[in-house]
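Taking it in order: structure first as structure tokens, then the write-up.
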Amino acid sequence: IPVPLPTQIDNLVNERLYEEALLLCENLPDSLQKNEKTRWVKVLHAYHLFKEGHYERSMAYFSELEVDPLQVIGLYPNLLPRDIRSKNSYPIDVPDLVGVPLEKALQALIVFLTRFRTSSSHSMGTATPEEYTAVTDIPTIIDTSLLKAYIKTNDHLLAPLLRLPNHCHVKECQKVLMDYKKYHELVLLYKCKGMHKEALELLARLGQNPAGTPLGGTQETISYLKALGKQHISLVQEFSRWVLQVNPDEALTIFTEDRPANERLPSDIVLQHLKQNAPQLVVSFL
């Protein structure tokens, strides 16, 4: 008795002969059944490739099939929020990735997530929970996962991610960056999220205790304050005090910086501030 074609395909899949199963899928007469069966086989093949360590080929399949990125991210340790990870199920025993295999797998994931991020029209939905374990927003999980992948594979990619608008989860990424002592990148995270006080507090702490950090001294704080306009005048006053004491001549440029008209610092407030904190600079300011 001839074995029905769908049964032959199922048998090949059970034997993990995915390429042969895909060839038989081409012979299915019904186009809907053909498409569904082909996708099913390819998805299983992608997971099998991942388990066998063929990460790039696996991710190429996941991209082609537009598999839910949260399912893909869940194949990796410590990336997916716990509440989502606990609900995911997989057709394979997910390997416990560590060391070199983890690094190679993360490099492949970066390509997958970058493609998805570029092609996706996802936007932020509801307000992001403070704790990452409760996050469900796809853009937040993708960008947070990218940051974690970058920091373990190629930390030079962190700054480009954080300089542009992004959906990184602040509390989770803050913890990761602190753990790896990526203070410059943490300042970028704060800045892109409009958390100027947190950025300036970090710069002040590092600037006044410069041992072992490239952010020692006054220059980073001065540069940051120069970029703030009149709506942040209270922050400019608060965090310019210590640099006025340590490096007064250079600190003066915070207030003489040529800002757009609607961003210029109120001269009367600046003058009073200098009189109180660096009176020797008043003539130079005027």
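Just so it is clear, the values below take in all heavy atoms, side chains as well, and ignore hydrogens, waters and symmetry mates.
Between the OG atom of Ser240 and the CG atom of Leu200 there is a distance of 10.0 Å, given to the nearest 0.5 Å. Atom OG1 of Thr38 is separated from atom CG of Leu28 by 7.0 Å, given to the nearest 0.5 angstrom. Expressed to the nearest 0.5 Å, how far CG of Leu244 lies from CZ of Phe239 amounts to 13.5 Å. Summarising the geometry, atom CG belonging to Leu24 is positioned 10.0 Å from atom CD belonging to Glu26; distances are rounded to the nearest 0.5 Å. Rounding to the nearest 0.5 Å gives a distance of 5.0 Å between CG of Leu147 and SG of Cys168. In this structure, NE2 in His184 is found 11.0 Å from CG in Leu177, a value given to the nearest 0.5 Å.
A donor-acceptor contact closer than 3.5 angstrom links the side chains of Gln219 and Ser223. If you check the side chains of His156 and Tyr150, you find no donor sitting under 3.5 Å from an acceptor. With no hydrogens or angles considered, no side-chain donor-acceptor pair links Thr128 and His169 at under 3.5 Å. Judged by distance alone, the side chains of Tyr90 and Asn88 do bring a donor and an acceptor atom under 3.5 Å apart.
Taking 4.0 Å as the cut-off between side-chain N and carboxylate O, Lys230 and Glu263 do not count as a salt-bridged pair.
Contact between Thr221 and Ala204 at its shortest, heavy atoms only, is OG1-N, 4.1 Å. Between Arg259 and Lys226, the shortest heavy-atom contact is NH2-O, 3.3 Å. Across all non-hydrogen atoms, the minimal contact from Ala149 to Leu106 is CB-CD2, 4.1 Å. The nearest pair of heavy atoms linking Leu102 to Lys152 is CD2-NZ, 4.5 Å.
Atom CG of Asp258 has 12 or fewer heavy atoms from other residues, nucleotides or ligands within 6.0 Å. Annotation: Glu66, atom CD; neighbour count of heavy atoms from other residues, nucleotides and ligands within 6.0 Å does not exceed 12. Within 6.0 Å of CG on Asn14 lie more than 12 heavy atoms contributed by other residues, nucleotides or ligands. Counting heavy atoms of neighbouring residues, nucleotides and ligands inside a 6.0 Å radius, atom CG of Asn27 exceeds 12 of them.
The main-chain N or O of Leu80 is never found under 3.5 Å from a side-chain atom of Arg85 such that the two would form a donor-acceptor pair. Side-chain atoms of Asn209 come within 3.5 Å of backbone atoms of Arg205 as a donor-acceptor pair (strictly under, hydrogens ignored). Thr144 contributes no side-chain N or O that, together with a main-chain N or O of Ile141, makes up a donor-acceptor pair within less than 3.5 Å. Side-chain atoms of Thr114 come within 3.5 Å of backbone atoms of Ile110 as a donor-acceptor pair (strictly under, hydrogens ignored). A donor-acceptor pair under 3.5 Å links the side-chain atoms of Lys148 to the main chain of Asn78, judged by distance alone.
Residues His48 and Tyr18 place their aromatic rings such that the two centres sit under 6.0 Å apart.
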Listing, residues 51-62 side-chain donor-acceptor contacts under 3.5 Å, not counting sequence neighbours, or none:
from  : atom 1 : to    : atom 2 : distance (Å)
Ser58 : OG     : Ala46 : O      : 2.9
Tyr61 : OH     : His45 : ND1    : 3.4

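Contacts classified as salt bridge (charged side-chain N to carboxylate O under 4.0 Å, His left out) and involving residues 181-196 (residues at least two apart or in different chains) are given here: Asp155-Lys182.
Evaluation of the side chain to side chain contact (heavy atoms under 4.5 Å, CB included) rule for Glu36 yields Leu32 as partners, not counting sequence neighbours.
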(message) Using side chain to side chain contact (heavy atoms under 4.5 Å, CB included), reason through Trp242 and Thr218 one step at a time and then give a plain yes or no.
(response) CA-CA 9 Å; Trp242 77 269; Thr218 61; 3.7 Å; yes

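Put simply, the residue from Arg39, Arg115, Lys42 that forms a salt bridge (charged side-chain N to carboxylate O under 4.0 Å, His left out) with Glu64 is Lys42.
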